[in-house]
J.: 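This is the structure, below, for whatever I ask next.
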Amino acid sequence: MIRSELIQKLADENSDMKPEEVEKIVDIFFNQITQRLAEGGRVELRGFGAFSTRERAPRKGRNPRTGESVDVPAKRVPYFKAGKEMHARLNNG
Amino acid sequence: MRSVGTLTRADLADTVNQQVGLSRADSAQMVESILGHMTDAMENGENVKISGFGTFLLRDKGERIGRNPKTGVEVPITPRRVLTFRASQMMKDRIIAGN
């Protein structure tokens, strides 16, 4: 399923709403999640899963083309953990 | 890094309510429907790809031998389907930039 298919499904079951409005809601939904992670917070969606961020230590990397050593700085990366209910549903539980 | 709270379904519904003007009940229903459709797709074995956000990827893992860390007893870990998330470059960049 891709973003446009999700919007189509929502638009189909909300025929009273304009498709643009449905699209705006989907944008708000995903944008708010990213926004909260960028602010350093976490997102908990019971039954679905939780988004958070994790610290990555600085490390020495290598330019794969030249073999040159480069410093990769410390950074924060997004992390998702599926909820128990989600795991159960994926495993016919 | 300033400390911010945890975002929940209720917060997402509030933002939809404020920014779209949909009723609170309908906003909450839309949030639920978004999650429901994604979950249904994944339950049917489909990956979910949201451009600009990321991809929810299903992975099938075979049986392997695990160990009860308390007792040291070996136990088989049954084959299972796990869900991983690969963030889009846009999300990664926004998190590094902090906005």
Side-chain angles (χ1 to χ4, degrees), chain A residues 1-10 12-14 16-17 21-22 24-56 73-83 85-93, chain B residues 1-9 11-12 14-16 18-22 26-27 29-31 33-56 58 78-88 90-99:
Chain A
M1 172 189 266
I2 61 173
R3 185 176 165 283
S4 59
E5 291 167 340
L6 171 61
I7 291 167
Q8 188 59 55
K9 280 183 189 290
L10 293 163
D12 287 348
E13 63 190 15
N14 293 278
D16 51 323
M17 288 169 62
E21 202 175 15
V22 173
K24 186 175 179 193
I25 292 167
V26 169
D27 281 346
I28 289 169
F29 179 93
F30 291 109
N31 190 46
Q32 286 292 304
I33 294 173
T34 305
Q35 181 73 38
R36 184 57 59 102
L37 294 175
E39 289 168 354
R42 45 185 280 124
V43 181
E44 277 181 27
L45 302 168
R46 284 288 154 94
F48 187 83
F51 297 89
S52 58
T53 56
R54 298 190 161 185
E55 298 286 341
R56 287 279 177 272
K75 61 183 171 188
R76 243 157 21 93
V77 297
Y79 178 76
F80 173 77
K81 187 175 193 302
E85 196 181 309
M86 171 68 82
H87 184 260
R89 285 185 61 176
L90 296 179
N91 290 279
N92 310 309
Chain B
M1 182 65 52
R2 85 196 125 112
S3 154
V4 291
T6 298
L7 190 82
T8 64
R9 279 175 166 75
D11 300 315
L12 289 165
D14 276 352
T15 307
V16 170
Q18 288 158 20
Q19 294 190 10
V20 182
L22 202 62
D26 287 349
S27 297
Q29 184 54 55
M30 285 301 291
V31 167
S33 295
I34 292 170
L35 291 169
H37 284 305
M38 289 199 289
T39 306
D40 287 349
M42 294 189 274
E43 195 171 7
N44 292 331
E46 285 180 57
N47 294 329
V48 174
K49 183 173 184 170
I50 307 295
S51 56
F53 184 78
T55 305
F56 295 92
L58 297 167
T78 54
R80 62 192 59 206
R81 181 167 280 181
V82 297
L83 177 60
T84 59
F85 176 69
R86 275 192 58 124
S88 70
M90 188 189 290
M91 180 191 277
K92 290 179 186 171
D93 290 345
R94 279 182 68 182
I95 287 171
I96 289 168
N99 64 34

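Computed from a predicted structure; not experimentally measured.
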J.: Is there side-chain contact between Leu22(B) and Met17(A), with heavy atoms separated by less than 4.5 Å?
T.: yes
J.: Testing Thr8(B), Leu7(B), Ile34(B), Leu12(B) for side chain to side chain contact (heavy atoms under 4.5 Å, CB included) with Leu45(A), which one passes?
T.: Leu12(B)
J.: Count the heavy-atom pairs under 4.5 Å between each of Leu37(A), Ile25(A), Val26(A) and chain B, then report the option with the highest count.
T.: Ile25(A)
J.: Could you check which of Arg46(A), Lys81(A), Glu13(A), Arg36(A) has the highest count of heavy-atom pairs closer than 4.5 Å to chain B?
T.: Arg36(A)
J.: Suppose we screen for side chain to side chain contact (heavy atoms under 4.5 Å, CB included). Which residues come up paired with Ala82(A), at least two apart in sequence or across chains?
T.: Phe80(A), Met86(A), Leu83(B)
J.: Quick one: are Phe48(A) and Met38(B) in side-chain contact, heavy atoms under 4.5 Å?
T.: yes
J.: Any side-chain to backbone donor/acceptor pair from Lys9(A) onto Ser33(B)? Under 3.5 Å, distance only.
T.: no
J.: Which value, rounded to the nearest 0.5 Å, describes the distance between Asn91(A) atom CG and Arg81(B) atom CZ?
T.: 8.0 Å
J.: Looking at CE of Met30(B) and CG of Asn14(A), how far apart are the two atoms once the value is rounded to the nearest 0.5 Å?
T.: 4.5 Å
J.: Parallel under 30°, tilted from 30 to 60°, perpendicular over 60°: which one fits the rings of Phe51(A) and Phe85(B)?
T.: perpendicular
J.: With heavy-atom distances below 4.5 Å as the criterion, would you say the side chains of Met1(A) and Phe56(B) are in contact?
T.: no
J.: Counting C-beta onward and ignoring hydrogens, is there a side-chain heavy-atom pair between Glu85(A) and Thr39(B) closer than 4.5 Å?
T.: no
J.: Evaluate the side-chain proximity of Asp40(B) to Arg89(A): yes if any heavy-atom separation is below 4.5 Å, no if none is.
T.: yes
J.: Apply side chain to side chain contact (heavy atoms under 4.5 Å, CB included) to Arg86(B) and list each qualifying residue two or more places apart in sequence or on a separate chain.
T.: Leu57(B)
J.: Counting heavy-atom pairs under 4.5 Å to chain A, which of Thr55(B), Val20(B), Asp26(B) comes out on top?
T.: Val20(B)
J.: Give the intermediate values and the outcome of side-chain contact (heavy atoms from CB on, under 4.5 Å) for residues Arg80(B) and His87(A).
T.: CA-CA 9 Å; Arg80(B) 62 192 59 206; His87(A) 184 260; 4.1 Å; yes
J.: With rounding to the nearest 0.5 Å, note down the distance linking OG1 in Thr15(B) to CD1 in Ile28(A).
T.: 7.5 Å
J.: Go through Gly52(B), Ala87(B), Gly36(B), Ser51(B) and name the one with the most non-hydrogen pairs under 4.5 angstrom from chain A.
T.: Ser51(B)
J.: In terms of heavy-atom proximity below 4.5 Å to chain B, should Ile7(A) be classed as side chain, backbone, both, or neither?
T.: neither
J.: Quick one: what part of Asn31(A) sits under 4.5 Å from any heavy atom of chain B, side chain, backbone, both or neither?
T.: both
J.: Most heavy-atom pairs under 4.5 angstrom with chain A, which of Ile50(B), Asn47(B), Val31(B)?
T.: Ile50(B)
J.: Counting C-beta onward and ignoring hydrogens, is there a side-chain heavy-atom pair between Gln35(A) and Arg94(B) closer than 4.5 Å?
T.: yes
J.: Taking the side chain as C-beta and beyond, is there a heavy-atom pair between Thr34(A) and Phe53(B) under 4.5 Å?
T.: yes
J.: With respect to chain A, which residue among Met42(B), Gln29(B), Gln19(B), Lys49(B) yields the maximal number of heavy-atom pairs within a distance under 4.5 Å?
T.: Lys49(B)
J.: Return the CD1 to CZ distance between Ile96(B) and Arg56(A), rounded to the nearest 0.5 Å.
T.: 11.0 Å
J.: Quick one: are Lys75(A) and Lys92(B) in side-chain contact, heavy atoms under 4.5 Å?
T.: no
